[in-house]
S.K.: 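Below is the structure I would like to discuss, written out as structure tokens.
In this text, all values refer to a predicted model and were calculated from it rather than measured experimentally.
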Amino acid sequence: MGALSFLLGTVADLYMLCFVIRLALYWHGSDPRNPVAAVVLRLTNPVVLPFRLLVKPSQRLETHVLLTFLALQCLLVWLTVNAGCLVEPSLFQLVGFGLIRAVRLVLWFYLLAVVAWALLSWFSPSGYNPVVGVLHRICTPALAPIRRILPGMGGIDFSPLVFILGVQFVLAFLPGAEVARALSCTPGFSPI
């Protein structure tokens, strides 16, 4: 049972990552014809399109995608809590756990994107690469405020390192699995 729940949880988290990528691509104005964007759109559209009838997208944010993402996070928390908890959590706890999962996933996405972008910048692939283009569109605005503050270091860019340390610092203080176990679940089980 543990291997099956791990596999299902991993697949669910990877699918939720598609929503984070879609939000980031739209937020940073990525080209929808990019192959990475096309795959993400194709994977998320079946779930997102019904929400588009309820909520119209704004100019800077696909609000229907954001609401779908948050609703699916809360649904995942509800499913995992019902599978492993003895007590039924309140709606407030489900929404709280769902928001915590969403924020943690967004932070992990940006952390991994900046690490991948920094590693790829060392090798400087020649020609056009759609993944590098997407990473550049996503990471450059995230690193821009740090680059404005840091002084020049002789051609070495330390902004990815500062960003990674900052995200790790925030993740260290963001409530995680221990809060979920303490509030509603049996020992050793976590919906986050």
S.K.: Which heavy atom of P160 sits nearest a heavy atom of A118, and at what distance?
M.R.: CB-CB, 4.1 Å
S.K.: Closest approach of L135 and A116, non-hydrogen atoms and distance?
M.R.: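 It is CD1-CB, 4.0 Å.
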S.K.: Side-chain heavy atoms nearer than 4.5 Å, only ILVMFWY residues, links allowed to pass through others: does that put F92 and F97 together?
M.R.: no
S.K.: Report the hydrophobic cluster partners of F173, with the cluster defined as I, L, V, M, F, W, Y residues connected by side-chain heavy atoms closer than 4.5 angstrom, directly or transitively.
M.R.: F169
S.K.: To the nearest 0.5 angstrom, please state how far the OH atom of Y26 sits from the CG atom of L66.
M.R.: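 So the gap between those two atoms works out to 12.5 Å.
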S.K.: Test of understanding: with salt bridge (charged side-chain N to carboxylate O under 4.0 Å, His left out), list the residues that count as partners of R33, not counting sequence neighbours.
M.R.: D31
S.K.: Decide yes or no for N34 and R137: does some side-chain heavy atom of the first lie under 4.5 Å from some side-chain heavy atom of the second?
M.R.: no
S.K.: Under a 4.5 Å cut-off applied to non-hydrogen side-chain atoms, are H64 and V48 in contact?
M.R.: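 Yes, side chains in contact.
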S.K.: Please list all pairs meeting side chain to side chain donor-acceptor pair (under 3.5 Å) that have one or both residues in residues 106-120, counting only residues at least two apart or in different chains.
M.R.: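 As it turns out, the side chain to side chain donor-acceptor pair (under 3.5 Å) pairs with a partner in residues 106-120, which skip direct neighbours, are H28-Y110.
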S.K.: Please step through side-chain contact (heavy atoms from CB on, under 4.5 Å) for the pair Q73 and I100, ending with a clear verdict.
M.R.: CA-CA 9 Å; Q73 286 291 344; I100 290 170; over 6 Å; no
S.K.: Linking I/L/V/M/F/W/Y whenever any side-chain heavy atoms sit under 4.5 Å apart, do L41 and F69 land together?
M.R.: no
S.K.: Report the residues that fulfil side chain to side chain contact (heavy atoms under 4.5 Å, CB included) with V95, sequence neighbours left out, ordered by chain and then residue number.
M.R.: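 Counting only residues at least two positions away or on another chain, V95 forms a side chain to side chain contact (heavy atoms under 4.5 Å, CB included) with C74, L91, L99.
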S.K.: Cluster question for you: counting only ILVMFWY and a side-chain heavy-atom cut-off of under 4.5 Å, with indirect links fine, are L75 and L105 together?
M.R.: yes
S.K.: If you group Ile, Leu, Val, Met, Phe, Trp and Tyr by side-chain heavy-atom gaps below 4.5 Å, do L174 and F163 land in one group?
M.R.: yes
S.K.: Please list every donor-acceptor pair under 3.5 Å in which a side-chain atom of residues 145-152 meets a protein atom from a residue at least two apart or in another chain.
M.R.:
{"from": "R147", "atom 1": "NE", "to": "D157", "atom 2": "OD2", "distance (Å)": "3.1"}
{"from": "R147", "atom 1": "NE", "to": "S159", "atom 2": "OG", "distance (Å)": "3.2"}
{"from": "R147", "atom 1": "NH2", "to": "D157", "atom 2": "OD2", "distance (Å)": "2.7"}

S.K.: Can you give me the closest heavy-atom contact between A102 and L70, atom names plus distance?
M.R.: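 Looking at all heavy atoms of both residues, the shortest contact is CB-CD2, 3.8 Å.
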S.K.: Please list all pairs meeting salt bridge (Lys or Arg N to Asp or Glu O under 4.0 Å) that have one or both residues in residues 111-121, counting only residues at least two apart or in different chains.
M.R.: none
S.K.: When the side chains of residues 16-24 are checked against the rest of the protein, which donor-acceptor pairs come out under 3.5 Å, sequence neighbours left out?
M.R.:
{"from": "R22", "atom 1": "NE", "to": "E62", "atom 2": "OE1", "distance (Å)": "3.2"}
{"from": "R22", "atom 1": "NH1", "to": "T44", "atom 2": "OG1", "distance (Å)": "2.8"}
{"from": "R22", "atom 1": "NH1", "to": "N45", "atom 2": "OD1", "distance (Å)": "2.9"}
{"from": "R22", "atom 1": "NH2", "to": "N45", "atom 2": "OD1", "distance (Å)": "3.4"}
{"from": "R22", "atom 1": "NH2", "to": "E62", "atom 2": "OE2", "distance (Å)": "3.4"}

S.K.: Does a side-chain heavy-atom distance below 4.5 Å link L111 with L107?
M.R.: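 A side-chain contact is absent here, since even the closest heavy-atom pair is not under 4.5 Å.
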S.K.: Can you list every pair that meets salt bridge (Lys or Arg N to Asp or Glu O under 4.0 Å) and has a residue in residues 69-79, with sequence neighbours left out?
M.R.: none
S.K.: Can you tell me how far the CG atom of L14 sits from the CG atom of L43, to the nearest 0.5 Å?
M.R.: 10.5 Å
S.K.: Specify the closest pair of heavy atoms between R104 and L171, including all atoms of both residues, with the distance to one decimal.
M.R.: NH1-O, 3.6 Å
S.K.: Which pairs with one or both residues in residues 161-173 pass side chain to side chain donor-acceptor pair (under 3.5 Å), sequence neighbours excluded?
M.R.: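 Listed once each, the pairs would be none.
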